[in-house]
Amino acid sequence: MKLHVFGEKDEMGAAAAARTAELLNAAIAERGEATLILATGMSQFEMLSHLVKAVVDWSKVTVFHLDEYLGVPESHPASFRKYLKERFVQQVSGLRVFHFVDGEAADAEAECRRLGELIAARPVDVACIGIGENGH
């Protein structure tokens, strides 16, 4: 494991976005496509703001949404779907596909199985996750 220490959140976000773009581009060069998993939360703000500006052929990238609140509609300010649509999906052009977690699915277990099967069917090249301030 490599540990990188940064003095500012924006510097850390820029470095994480640059590394993510590098790994996505390497996967695209090798296999013609890439898979990315994105989390939400304050720990991702700066990284996402830089990632959407990165030079990546988004038409070759499949993205998975990591988590969502159960029963929260997308219109709710706390919705992670809303967060990712505003901060990522609407900011990149030509994205291949984004698989959201449907927090309003009638059968949450079936929704988890659906996404689990989709993720298991492809290699994951990068997962951008954060550790919440309370360690979750």
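Heavy-atom basis, side chains included; hydrogens, waters and symmetry copies ignored.
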CA sep, side-chain torsions, deciding dist, call: W58, F98, ring pair (Phe, Tyr, Trp, His ring centres under 6.0 Å): CA-CA 11 Å; W58 295 109; F98 197 115; over 10 Å; no

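Both I28 and V92 belong to a common hydrophobic cluster when Ile, Leu, Val, Met, Phe, Trp and Tyr are linked at side-chain heavy-atom distances under 4.5 angstrom. There is no path of hydrophobic side-chain contacts, each under 4.5 Å, that joins M12 to V126. The cluster map of Ile, Leu, Val, Met, Phe, Trp and Tyr, joined by side-chain heavy atoms under 4.5 Å apart, puts V63 and L115 in different clusters. When hydrophobic clusters are built by joining Ile, Leu, Val, Met, Phe, Trp and Tyr residues whose side-chain heavy atoms come closer than 4.5 Å, directly or via intermediates, I37 is grouped together with L118.
Heavy atoms only, all atoms of each residue included: K85 and E74 are closest at NZ-OE2, 2.8 Å. Taking each heavy atom of V72 and H76 in turn, the nearest pair found is CG1-CB, 3.5 Å. The heavy-atom pair separating C128 from M47 by the smallest distance is CB-CE, 3.6 Å. The minimum heavy-atom distance linking G13 with H50 is given by the pair C-CD2, 3.9 Å. Residues L51 and A21 share a closest heavy-atom pair of CD1-N, 4.3 Å.
Here D10 contributes atom CG and F45 contributes atom CZ; the two are 13.5 Å apart, rounded to the nearest 0.5 Å. Remark: L95 CG to K60 NZ distance equals 14.0 Å, nearest 0.5 Å. The distance from the OG atom of S79 to the CZ atom of F100 is 9.0 Å, given to the nearest 0.5 Å. Here the straight-line distance linking atom CD of Q90 with atom CD of E86 works out to 6.5 Å at 0.5 Å rounding. Distance check, rounded to the nearest 0.5 Å: OG of S93 to CG of D57 gives 9.0 Å.
In terms of modelled atom types and a separation under 3.5 Å, the side chain of T62 and the main chain of T35 share no donor-acceptor contact. Between the side chain of D125 and the backbone N or O of L24 there is no donor-acceptor pair closer than 3.5 Å. In this structure, the side chain of E104 does not engage the main chain of L70 through any donor-acceptor pair within 3.5 Å.
Looking only at side-chain heavy atoms (C-beta outward), F64 and L36 stay at 4.5 Å or farther from each other. Inter-residue side-chain proximity for R114 and E111 is flagged as met; some heavy-atom pair is nearer than 4.5 Å. Here the side chains of Q44 and Y83 are in contact, with some heavy-atom distance below 4.5 Å. S49 has its side chain out of reach of Q91: every pair of non-hydrogen atoms, C-beta onward, lies at least 4.5 Å apart. The shortest distance between side-chain heavy atoms of F80 and H65 falls below 4.5 Å.
The side-chain contact (heavy atoms from CB on, under 4.5 Å) test with L38 singles out one residue from I129, V89, L66, L48, and that residue is L48.
The pair E117-R113 fails the salt-bridge criterion, with no side-chain N (NZ, NE, NH1 or NH2) lying under 4.0 Å from an Asp/Glu carboxylate O.
Under the salt bridge (Lys or Arg N to Asp or Glu O under 4.0 Å) criterion, the residue pairs touching residues 32-42 are E33-R96, E33-R122, with sequence neighbours excluded.
Few gaps surround CZ on F6; more than 12 heavy atoms of other groups in view lie less than 6.0 Å from it.
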